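When a residue number appears, it is its place in the shown sequence, counting from 1. Small disclaimer: the values here were computed from a predicted structure and weren't measured. Values below: all heavy atoms of this structure, side chains included; hydrogens, waters and symmetry mates excluded.
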Amino acid sequence: MAQYGKSEYWDDRYTRDPEPFDWYQRWAALKEAVAEYINKDHQILNVGAGNSRLSEEMHDDGYQNIVNIDISRVVTKQMEEKYRDKQGMSYVQMDARSIDYPDHSFDVVMDKGTLDSMLCGEGST
């Protein structure tokens with residue numbers, strides 16, 4: 001059984017397969033729903049960011065304040081290096097179960113896995 005809650009599982013996975021991966025939806029399919037609730041000047045926390053292209057594509061669309069956290073040190077290093085030139089977008093190794101930011105640091109907390117599931121479900125638009 002996969003140990004999704006363990007950083008070692010994700011470190012190993014991202015070491016073996018560093019290619020970007022989006023579980024269900026890409027930004028193009030999500031942006032209309034996201035834009036309804038998130039302003040481009042909001043401070044955004046993206047939990048469990050992995051190596052998804054979501055933040056890159058959001059940044060390219062004008063969302064300039066994105067902090068991405070992931071339990072895997074391997075993937076956060078990979079992504080920090082890949083996007084070092086993207087002003088206002090950062091990657092931090094952090095467990096979403098123990099977020100180390102002061103209260104009210106962010107306007108929005110995104111969990112793409114949950115968003116994907118909701119938008120892929122029965123009755124979604």
Kindly compute the distance separating CG (Asp107) from CD (Gln43), expressed to the nearest 0.5 Å. 6.0 Å
Ser72 side, atom OG; Tyr9 side, atom OH - distance, nearest 0.5 Å: 11.0 Å
Do Leu30 and Tyr37 sit in the same hydrophobic cluster, where Ile, Leu, Val, Met, Phe, Trp and Tyr count as joined when their side-chain heavy atoms come under 4.5 Å apart? yes
Residues at least two apart in sequence or cross-chain that pass ring-ring contact (aromatic ring centres under 6.0 Å, His included) with Tyr91, listed by chain then number, are none
Candidates Ile44, Leu54, Val108 - the one meeting side chain to side chain contact (heavy atoms under 4.5 Å, CB included) with Tyr63: Ile44
Are the side chains of Asn68 and Met79 in contact, using a 4.5 Å heavy-atom criterion? no
With a 4.5 Å cut-off on side-chain heavy atoms, are Val67 and Asn46 touching? no
Which distance, rounded to the nearest 0.5 Å, do you find between the CE of Met58 and the CD1 of Ile66? 4.5 Å
Is there a side-chain contact between Ile71 and Arg97 in this structure, where contact means two heavy atoms from C-beta onward sitting under 4.5 Å apart? yes
Drop me the distance from Glu56's CD to Lys82's NZ, to the nearest 0.5 angstrom. 5.5 Å
Would you say that Leu45 contacts Met110 through its side chain, given a criterion of any heavy-atom pair below 4.5 Å between the two side chains? no
Rounded at 0.5 Å granularity, tell me how far CG in Asp95 sits from CD1 in Ile69. 8.0 Å
Pairs in or reaching into residues 67-79: which pass salt bridge (Lys or Arg N to Asp or Glu O under 4.0 Å), with residues at least two apart or in two chains? none
Tyr14 and Gln78: side-chain donor and acceptor closer than 3.5 Å? no
Same apolar cluster: Val47 and Val75, side chain cutoff 4.5 Å: no
How far apart are the C-alpha atoms of Asn65 and His42, what are their side-chain angles, what is the distance that settles it, and do they pass the side chain to side chain contact (heavy atoms under 4.5 Å, CB included) test? CA-CA 7 Å; Asn65 304 302; His42 277 158; over 6 Å; no
Regarding Glu57 and Arg26, does a basic nitrogen lie under 4.0 Å from an acidic carboxylate oxygen? yes
For the hydrophobic clusters of this structure (ILVMFWY residues joined by side-chain heavy atoms under 4.5 Å, transitively), does one cluster hold both Trp27 and Ile38? yes
Check side-chain contact (heavy atoms from CB on, under 4.5 Å) between Ser105 and all other residues, then give those that pass, not counting sequence neighbours. Tyr101, Pro102
Nearest-0.5 Å distance that lies between atom OG1 in Thr76 and atom CH2 in Trp10: 13.5 Å
For the pair Lys86 and Asp60, find out whether any cationic side-chain nitrogen is under 4.0 Å from an anionic carboxylate oxygen. yes
Looking at Asp17 and Arg13, does any basic side-chain N land under 4.0 Å from a carboxylate oxygen? no
May I ask you to test the Lys31-Asp61 pair for a side-chain heavy-atom distance under 4.5 Å? yes
